[in-house]
Amino acid sequence: MTQTMDRPGTTGSPAERTDAWLAEFQAALTDRDVDRAAGLFAPTSFWRDLVSFSWNITTVEAPDGVRDLLTATLDSTDPTGFRTTEEPTEADGVITAWLAFETAVGRGRGLLRLVDGKAFTLLTSLSELAGHEEPLSERRPAGAEHGVQRDRQTWAERRRAETEELGRTRQPYVVVVGGGQGGIALGARLRQLDVPHVVVDRHPRPGDQWRNRYKSLCLHDPVWYDHLPYLDFPPNWPVFSPKDKIADWLEMYVRVMEVTYWGASTVTRAAYHEDVGEWTVTVERDGGEVTLRPQHLVMATGVSGKPNVPVFPGQDRFLGDQHHSSRHPGPDAYRGKQAVVIGSNNSAHDIAAALWEHGAEVTMVQRSSTHVVRSDSLMELGLGDLYSERALAAGMTTDKADLLFASLPYRFLPEVQKPVYDAIRERDADYYRRLEEAGFWLDFGEDGSGLFLKYLRRGSGYYIDVGASELVANGDVRLAHGTVRELTEHAVVLEGGTELPADLVVYATGYGPMNGWVADLVSPEVADRVGRVWGLGSGTAKDPGPWEGELRNMWKPTRQEGLWFHGGNLHQSRHYSLFLALQLKARQVGIPTPVHGLPEVQHRS
Ligand SMILES: Cc1cc2nc3c(=O)[nH]c(=O)nc-3n(C[C@H](O)[C@H](O)[C@H](O)COP(=O)(O)OP(=O)(O)OC[C@H]3O[C@@H](n4cnc5c(N)ncnc54)[C@H](O)[C@@H]3O)c2cc1C
């Protein structure tokens, strides 16, 4: 009892206890007393840092991990001013406190969870660099320059001049390969931070990535989760944006955010020159070749960008249409035809449903189990507290939701998610029973942690049900199981001999890892040096261990100087583009960026 009383932060209101903990933490940091600071963390505890201490995205665990992090970073970070920014709250014995602090080079925000006077989780994140703040709100540009000026240039003239110079007479500091939502969000951040950049995409227009996908596609994530940096969707925007509508939004966004965007331009190769710390990036553009010489190259080529196209005997003699889901034109040409969709995840279901709606006879081939979750249930139980009209009404902002989400360490996330999926399983028990009775192989992830963990671990293996599961449950879309042995002139033949007559075969077989792009554009050696991209090292299917604690290589330094990866869903593109942009800005202006905790490469592909 006395011991508890003595420990900082164990008596008083949540605010008093938080203040006591923060005072002790700050004092230990100021004294450079790493052991004392580490002792303020519970034996099971996590400190996730987004760039503010580590110049990395990293999570350390337990007092030992805290000691390591601080030993390496405390002097250079020189953190000061840890304080709460609003009244801490307490629920179920956990105090949650929003924080602000300063470092030697910038300002940070964070979130602390205290249990019994010790830190259970701490999130620290860099939000801006001192002296390089974004020109937002009270710092916004005047636009008009009042007074008189000889040879005044208008905004449009300055924009035109920049477009003409950049990449020709003036080199960009950053080249972003890929101008989907990821490249675009990063481009917008770089613009605000005044980092000369060019976002290069092989498609003619921003948004074409979405326009070219199968025509029935609507976003599976809701609008509150999908905002881009600086510019929220308006309140009349649909909850699930049709693909062509999101494409138009991206195109508009590029213009109004003044992203330097080269459409119809393909990066064909890139090489890094250690001696000068510079890339040469070859771009095919306007029928010729342009060479760019940036210091940094960001691969924003899409986590779902490199199609996995399977090779089966007999594909050459098959007389119908066959294509990967990324090339599926839509159902119109297949009325009355027999379609076989290989795969049972999101694209497979969306495409199968659209084909059925247009009068095709559809068979879905399931090779392994799939996690299925009804969109309504996911929105209500999975995302509703953070990203919904309900969340907004309760005072939740996108910014806070993003930080709250980020404050849950990946190691601990399954424990948060499992009860959600238990509740979904119970609520939709009848639905899941019908699917299983129809022969559909279901799972909830190997540890029952559901969709988001599957997404983080392997980026595949699930369907957010927006209607197709009913077709599977009632038999309108037929199911077959197994692996494909071969194609004949008119059929898909499975191992075991089942023959599925087909006029159309869609390979909804997913996408390959982003390091494949590096092998293609830079070299297989550099791809190997950098290693696998995405996944947590959870030791579950398609995400081999050891445990990494963070998504491999995403938004943080890699083992190749000057090479970065960006992307993910709209939420991740929005949130993590800030940290990537700050890392790039710091390097541009010569702020020292000693990286702590760069992981060893465990897997080459
Ligand atoms: C069917 C489907 C549905 C999805 N639904 C959602 C959803 O609801 N919500 C969500 O957030 N995410 C969704 N995703 C996942 C993901 O968010 C999207 O794939 C999204 O488009 C990723 O954005 P990105 O910018 O990272 O990559 P992409 O949009 O794939 O953009 C990458 C770009 O890189 C370009 N590129 C590649 N190589 C080169 C080169 N050498 N030179 C020039 N350009 C190059 C490509 O042309 C492409 O435009 C979905 C994905 C798919 C496939």
Side-chain angles (χ1 to χ4, degrees), residues 128-129 132-145 149 152-210 226-234 246-265 267 281 283 285-286 290 292 294-298 300 398 564 566-567 570 573-589:
E128 59 186 4
L129 293 165
H132 305 283
E133 293 82 1
E134 297 184 347
L136 306 179
S137 304
E138 67 280 1
R139 289 196 208 97
R140 70 173 75 230
E145 287 165 36
Q149 251 179 58
R152 179 196 284 270
Q153 266 195 323
T154 64
W155 171 85
E157 285 162 345
R158 281 199 304 276
R159 285 281 292 140
R160 208 171 308 123
E162 186 198 63
T163 309
E164 277 158 18
E165 279 166 33
L166 212 54
R168 294 180 183 85
T169 53
R170 184 159 69 94
Q171 285 301 321
Y173 184 70
V174 178
V175 166
V176 183
V177 190
Q181 65 210 29
I184 289 171
L186 180 64
R189 300 264 192 207
L190 294 174
R191 163 67 63 191
Q192 293 314 309
L193 286 168
D194 196 20
V195 179
H197 63 278
V198 178
V199 178
V200 182
D201 201 291
R202 61 160 65 100
H203 292 112
R205 288 161 59 198
D208 281 349
Q209 309 76 13
W210 285 102
D226 293 340
H227 299 301
L228 291 164
Y230 313 110
L231 187 60
D232 283 2
F233 292 103
I246 198 82
D248 287 350
W249 182 264
L250 289 174
E251 190 167 16
M252 175 279 297
Y253 184 88
V254 163
R255 288 180 78 90
V256 299
M257 286 293 144
E258 303 177 21
V259 176
T260 315
Y261 195 96
W262 286 9
S265 304
V267 174
V281 181
V283 185
R285 182 170 162 77
D286 296 334
V290 183
L292 297 174
Q295 270 88 334
H296 296 272
L297 186 69
V298 180
T398 311
W564 308 79
H566 178 55
L570 281 150
S573 284
R574 169 183 68 245
H575 185 58
Y576 289 100
S577 55
L578 170 65
F579 305 109
L580 177 48
L582 288 172
Q583 292 172 81
L584 292 165
K585 179 68 189 177
R587 285 162 173 82
Q588 182 211 5
V589 293

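Only a predicted model underlies this, so the values are computations on that prediction, with no experimental measurement involved.
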S.K.: Are Pro229 and Leu578 packed together at the side-chain level, in the sense that at least one heavy-atom pair is separated by less than 4.5 angstrom?
M.R.: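 Pro229 does not reach Leu578 side chain to side chain.
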
S.K.: Return the minimal non-hydrogen interatomic distance between Gly182 and Ser573, and the atom names on each side.
M.R.: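 Smallest interatomic distance, heavy atoms only, reads CA-OG, 3.4 Å.
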
S.K.: Determine yes or no for a side-chain-to-main-chain donor-acceptor pair under 3.5 angstrom, with Arg168 supplying the side chain and Thr163 the backbone.
M.R.: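 Yes, the answer is positive, given that a donor and an acceptor are paired below the 3.5 Å cut-off.
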
S.K.: Nearest heavy-atom pair of Ser265 and Arg285: which atoms, and what distance?
M.R.: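 Heavy atoms of Ser265 and Arg285 come nearest at OG-NH1, 2.9 Å.
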
S.K.: I want to check something: taking the side chain as every heavy atom from C-beta on, are Leu570 and His227 in contact at a cut-off of under 4.5 Å?
M.R.: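 No - every pair of side-chain heavy atoms lies 4.5 Å or more apart.
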
S.K.: Using every non-hydrogen atom in the two residues, find where Gly207 and Ala247 come nearest and quote the distance to one decimal.
M.R.: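 Smallest interatomic distance, heavy atoms only, reads O-CB, 3.1 Å.
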
S.K.: Compare all side-chain heavy atoms of Val283 with those of Val175 and state whether any distance is below 4.5 angstrom.
M.R.: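 No, every pair of side-chain atoms sits at 4.5 Å or beyond.
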
S.K.: Which value, rounded to the nearest 0.5 Å, describes the distance between Leu231 atom CG and Arg574 atom CZ?
M.R.: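 Rounded to the nearest 0.5 Å, the CG-CZ separation comes to 12.0 Å.
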
S.K.: Is Arg159 atom CZ crowded by more than 12 heavy atoms from other residues, nucleotides or ligands, each under 6.0 Å away?
M.R.: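 For Arg159, atom CZ is crowded (more than 12 foreign heavy atoms under 6.0 Å).
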
S.K.: Measure the CZ-CG distance between Arg205 and Asp248 for me, rounded to the nearest 0.5 Å.
M.R.: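 With rounding to 0.5 Å, CZ (Arg205) is 6.5 Å from CG (Asp248).
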
S.K.: Rounded to the nearest 0.5 Å, what's the gap from OG on Ser577 to CG on Leu582? Could you check?
M.R.: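 Those atoms lie 9.5 Å apart.
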
S.K.: Name the residue from Arg255, Glu251, Met252, Gln181 that meets the side-chain contact (heavy atoms from CB on, under 4.5 Å) definition with Pro206.
M.R.: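 So, applying the side-chain contact (heavy atoms from CB on, under 4.5 Å) to Pro206 and each of Arg255, Glu251, Met252, Gln181, only Glu251 qualifies.
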
S.K.: For the pair Arg587 and Gln295, evaluate side-chain contact (heavy atoms from CB on, under 4.5 Å) and give the outcome as yes or no after the intermediate values.
M.R.: CA-CA 9 Å; Arg587 285 162 173 82; Gln295 270 88 334; over 6 Å; no

S.K.: Hey, is the main chain of Ala586 close enough, under 3.5 Å, to the side chain of Gln588 for a donor-acceptor pair?
M.R.: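 Absent.
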
S.K.: Rounded to the nearest 0.5 Å, what separates atom NE2 in His132 from atom CD in Glu128?
M.R.: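 The CD atom of Glu128 is 11.5 Å from NE2 of His132, to the nearest 0.5 Å.
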
S.K.: Could you tell me whether a side-chain N or O of Tyr253 sits under 3.5 Å from a main-chain N or O of Leu228, the two making a donor and an acceptor?
M.R.: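 Flag not set: sc Tyr253 to bb Leu228 has no pair under 3.5 Å.
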
S.K.: Is Glu133 close to Arg139 at the side-chain level, that is, under 4.5 Å between some pair of heavy atoms?
M.R.: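 Side chain of Arg139 against side chain of Glu133, heavy atoms only: contact under 4.5 Å found.
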
S.K.: For Gly178 and Val199, work out which heavy atoms get closest and say how close.
M.R.: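 Between these two residues, the closest heavy atoms are O-CG1, 3.6 Å.
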
S.K.: For Leu190 and Tyr173, run side-chain contact (heavy atoms from CB on, under 4.5 Å): C-alpha distance rounded to whole Å, both residues' side-chain angles, the deciding distance at 0.1 Å, then the answer.
M.R.: CA-CA 10 Å; Leu190 294 174; Tyr173 184 70; over 6 Å; no

S.K.: With a 4.5 Å cut-off on side-chain heavy atoms, are His197 and Val259 touching?
M.R.: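 Answer yes - side chains close enough.
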
S.K.: Would a 4.5 Å heavy-atom cut-off, applied to side chains only, mark Lys585 and Leu129 as touching?
M.R.: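 SC-SC contact between Lys585 and Leu129 confirmed.
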
S.K.: Do you know the tightest heavy-atom contact between Ile246 and Trp210?
M.R.: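 It is CG2-CG, 3.6 Å.
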
S.K.: As an exercise, state the distance from CG of Leu166 to CH2 of Trp262, rounded to the nearest 0.5 Å.
M.R.: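 The distance works out to 7.5 Å.
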
S.K.: Can Asp201 and Gln209 be said to form a side-chain contact (heavy atoms from CB on, under 4.5 Å), step by step?
M.R.: CA-CA 10 Å; Asp201 201 291; Gln209 309 76 13; 3.2 Å; yes

S.K.: Could you give all pairs that pass the salt bridge (Lys or Arg N to Asp or Glu O under 4.0 Å) test and reach residues 171-197, with sequence neighbours left out?
M.R.: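 Passing the test, one end in residues 171-197: Glu162-Arg191.
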
S.K.: Can you measure from CD (Gln153) to CZ (Arg160) and round to the nearest 0.5 angstrom?
M.R.: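 The CZ atom of Arg160 is 9.5 Å from CD of Gln153, to the nearest 0.5 Å.
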
S.K.: Identify, with sequence neighbours excluded, every residue that meets ring pair (Phe, Tyr, Trp, His ring centres under 6.0 Å) alongside His575.
M.R.: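 Partners of His575 by the ring pair (Phe, Tyr, Trp, His ring centres under 6.0 Å) criterion, ordered by chain and then number, come out as Phe579.
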
